[in-house]
Amino acid sequence: MSYQLLSEPIRKFIRNKRWENLRPIQAAAISRIIETDNNYVLASRTSSGKTEAAFLPILSKVDFNRPGVQILYISPLIALINDQFFRIEELCENLEISVTKWHGEAKKSLKNQLLKNPNGVLLITPESIEAMFVNAPYNVSSLLGNLHYIVIDEIHSFLGVDRGLQLMSLLSRIQRLNKERIITIGLSATIGDENYYSAKLLIGDVDRTKILIDRTKKDTEVSFKYFKSESVELPLSLLKELYKETSVSKALIFPNSRGRVEEIAVKLLKISSKVGGHRNYFAHHSSVDKEIRESIERFAKEKEHFNFCITCTSTLELGIDIGTIDKVVQVDSTHSVASLVQRVGRSGRREGEMSLLSLYATNEWSLLQSLACWKLYQEDFLEPIKIIQRPYDILFHQMLSIVKQLSGCSKKELNDHLRSNPTFEHISSEDIDDLINQSIKSDYLESFERELIIGVTGEFIVNSREFYSVFSTELNFKVTHSGKVIGNIPYSPQVKKDENILLAASIWKIKDVDIKGAKIIVVPAKDGKKPKFFGRTGSIHKRVRAEMLRILMNSEGYEYLNVESHDEIDKLRADFNGFNIKDFEYDRPVIEKEGKLEVYTFTGSEINNTIVFLFKCFNCELHIDDSKSLIEVPETLDRFGEVLAQVIKLTQDEIHDYIIDELKANEGLIGFYKWGKYLPLEYQAYLLREKMFDFEGVFDLLTKINLCENEI
DNA sequence: GACCTGCTGCGGGCTG
């Protein structure tokens, strides 16, 4: 049925491929895309044929005799563009149209060829679109001024993040160059029913965007294993089991850090060479050289008859093609259910095959969290995507980009331009005018004969290579003490003179930071002050923590837990047995001993961090162990209650003032958001409040919390 | 106790 709707060259392609039938998402997408001009989000699991679901009908429908590029394909990764290039070129083989790659590593000559004769399909990254607007605005209109379709791949990777807001703004700017409405198709992993609204927002037209979901999941066989870790290194028993489990398959192992990746890859190879196993053990993460990473991906994809084991970070979470994987192992819990979904999806890619998943844990809290994530995965829960109503930082970035693009415009033109962009629809015209005026004061913009142009300071920003992206990258700094190297740490806003850092199990005070040489000089810290909590730790959603509490408070058994894992869960259950928890939402265990308190909040990381911040405003320093969702209070229960009573009475204005104080005291704080530092303080405070904290969550919990002491 | 993502234009030197 759907097949009949396709054009003859595309039908020929399908016949040549000898496809017996179309996948469900393909059949559904073909009729809708051909028969309507709605935008669509096509959501289904990895390797279900989404690319073809979008391109078969689009290629059937588009008139490639029109001037200009007709289909713009946008991808979050260069590697994905390179993969998709071959697939799309193959789809186009009976069509005689050109497919062009356009990203930082693509050939300049091919880009120039397209500029001379804009046509066909263009594959690009958001950053390259940004660069085009800034550096060659004339080219943008001739290339992208007559588009028929935009396809956004892995659209879920843009949701809830700054890069997605940048893309949303760029989509609106591209539409402005076109007379006719562009139809947009987003390709997505399953992201949870409430989150599809975010995808509609990103596409920019909520009413005309429809969602097509293929909910079929692969059957997954799961097993939990427990290996108590007493030191910083992984226990030998874990490694031996890991070896046994992966030595005769194509396996992916996901520990949660680069250091762990290296440790596992090296040690498994060592075991394998001792017992005469294969030598195909690889480590894949962002610090591994790009060419090495590509050769690993090629090995996995092309060497069909070899077994291998790739230990990796989230670099292999997205849809890069690495062929068939038999088994996925997660070492210690993922930080989110969404991440677990992506990783499970990597396994059992052959039609009708089971996914095999092993979840290892090295401590009891990680085991509990892992179990909670698995239960929520089964219930189809996925973390909700956070929507920032007023992204002032992205507005500032886009404001400079637009002024450069237009090479000058009036204040009113700029305001209208930004106001008509749905990315900024909740930011008032007054706020935009204020930001324009403040930017003139700071020399980011210049007002010249009623025309706005980029100011002297602004030129440095716009002409920098760093301008095109909205995220900052970590730069590793070498940490040394009297000539001796202690280690490498990523550069963060907190790396500055007199700050304390933790490294190699010691506390150090920073004496000097050499930005150019990427070096940090430290001395041992005498005051023993711990580093501030503001850092980037994994952020666990409150629903995961609630599930952890629920598991602890019931006595159900799980057949997929091995004996050691089940014993460990039962031990934890025994520890919490004495607390009379009835209401899982607001009853929380508390332990009082020697004038100190331990409160198990069983809530999200963001809420925990916000509680610590609010109590600090009343000179009550809390210490937090987020992996256990445990807050340690150096006070008695009575005193804690007094401060808590004050905290929940705080007004919005008072909180605002406290955030301003914090921003003044800790200038590096706003540096977590690349474009935030160019904003006036009031706007920075708004961003911090929305992005780093969850005051609503705190007030909900603290106004109703019922602290339960152990009754045994 | 984190992880990941991208990048212009120009000039100089070298190769075929």
Side-chain angles (χ1 to χ4, degrees), chain A residues 74-82 101-106 108 111-112 124-137 139-140 153-154 156-164 166-167 170 229 232 254-261 283-288 290 293 311-320 330-336 338-340 342-343 361-363 365-366 369-370 397 401 404 459 461-474 489-490 492 502-503 505 531 533-540 605 608-609 624-630 672 674:
Chain A
I74 304 172
S75 154
L77 300 176
I78 290 179
L80 205 56
I81 290 185
N82 296 342
K101 290 190 270 191
W102 191 298
H103 54 66
E105 294 166 15
K108 193 69 209 275
K111 294 181 187 172
N112 286 336
I124 200 166
T125 60
E127 286 74 15
S128 282
I129 301 174
E130 188 78 68
M132 223 186 247
F133 268 116
V134 170
N135 296 317
N139 290 342
V140 187
D153 207 350
E154 307 266 15
H156 58 277
S157 74
F158 291 110
L159 303 179
V161 296
D162 289 344
R163 206 174 177 208
Q166 178 191 25
L167 177 57
L170 291 170
S229 174
V232 280
F254 289 96
N256 293 328
S257 70
R258 284 173 276 184
R260 269 280 149 86
V261 165
H284 192 289
H285 56 78
S286 68
S287 305
V288 173
K290 203 168 173 150
R293 280 160 65 178
T311 312
C312 57
T313 56
S314 49
T315 43
L316 286 183
E317 222 174 72
L318 282 187
I320 306 169
Q330 175 69 40
V331 179
D332 281 331
S333 179
T334 55
H335 298 287
S336 67
S339 178
L340 183 62
Q342 292 275 305
R343 292 173 184 189
T362 63
N363 70 72
W365 287 92
S366 175
Q369 186 179 315
S370 201
H397 177 252
S401 178
K404 182 81 196 277
E459 284 287 346
I461 300 170
V462 178
N463 293 331
S464 146
R465 204 162 159 268
E466 280 289 309
F467 182 72
Y468 313 109
S469 68
V470 290
F471 54 86
S472 29
T473 22
E474 58 177 19
I489 63 161
S492 76
L502 267 183
L503 192 64
F533 80 85
F534 297 112
R536 300 173 201 222
T537 55
S539 189
I540 314 297
S605 311
N608 281 335
N609 286 339
I624 184 168
D625 181 347
D626 194 58
S627 63
K628 301 176 183 166
S629 193
L630 170 65
F672 284 125
K674 186 168 168 182

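Protein chains get the first letters and strands the later ones, always in sequence-line order, with residue 1 at the start of each.
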Taken to the nearest whole Å, CG/Leu630(A) to C1'/dG1(B) is 15 Å
Check: Does Arg258(A) place a side-chain N or O at less than 4.0 Å from the phosphate oxygens OP1/OP2 of dC4(B)?
Finding: yes
I want to check something: taking the side chain as every heavy atom from C-beta on, are His397(A) and Ile461(A) in contact at a cut-off of under 4.5 Å? no
Between CD of Gln342(A) and P of dA2(B) the distance, given in whole Å, is 22 Å
Verify the distance criterion only: is there a donor paired with an acceptor across the side chains of Thr125(A) and His103(A) at less than 3.5 Å?
-> no
Under 4.0 Å between any heavy atoms, over every strand shown, what does Ser257(A) touch: base, sugar-phosphate, or nothing? Just pick one. sugar-phosphate
When rounded to whole Å, the NE2 to P distance for the pair His284(A) and dA2(B) reads 22 Å
Taken in chain and number order and not counting sequence neighbours, the residues that satisfy salt bridge (charged side-chain N to carboxylate O under 4.0 Å, His left out) with Arg293(A) are none
Per side-chain contact (heavy atoms from CB on, under 4.5 Å), Pro255(A) is matched among Gln330(A), Arg260(A), His285(A) by Arg260(A)
Strictly under 3.5 Å: I want the nitrogen or oxygen pairs between protein and nucleotides 13-16 of chain B, one per line.
none

Notebook entry, point to check: Among side-chain atoms of Asp153(A) and Ser75(A), is any donor-acceptor pair under 3.5 angstrom?
Noted result: no
Do the side chains of Ile74(A) and Pro126(A) get nearer than 4.5 Å, heavy atoms only? yes
| task | Would you please say whether a donor-acceptor pair under 3.5 Å links the side chains of Ser339(A) and Ser336(A)? | result | no
request  = State, with a plain yes or no, whether a side-chain heavy atom of Gln166(A) is found less than 4.5 Å away from one of Phe471(A).
outcome  = no
Grab the N/O contacts between the protein and nucleotides 5-12 of chain B below 3.5 Å, and write none if there aren't any.
unit_1, atom_1, unit_2, atom_2, d
dT5(B), OP1, Arg293(A), NH2, 2.5
dT5(B), O2, Arg163(A), NH1, 3.4
dG6(B), OP1, Ile78(A), N, 2.7
dG6(B), O4', Glu127(A), OE1, 3.4
dG6(B), O3', Thr125(A), OG1, 3.3
dG6(B), O6, Thr473(A), OG1, 2.7
dG6(B), N2, Ser469(A), OG, 3.0
dC7(B), OP1, Gly104(A), N, 3.1
dC7(B), OP1, Thr125(A), OG1, 2.7
dC7(B), OP1, Ser128(A), OG, 2.4
dC7(B), OP2, Gly104(A), N, 3.0
dC7(B), O2, Arg465(A), O, 2.5
dT8(B), O4', Asn135(A), ND2, 3.4
dT8(B), O4', Tyr468(A), OH, 3.1
dT8(B), O3', Asn135(A), ND2, 3.1
dT8(B), O4, Arg465(A), NE, 2.8

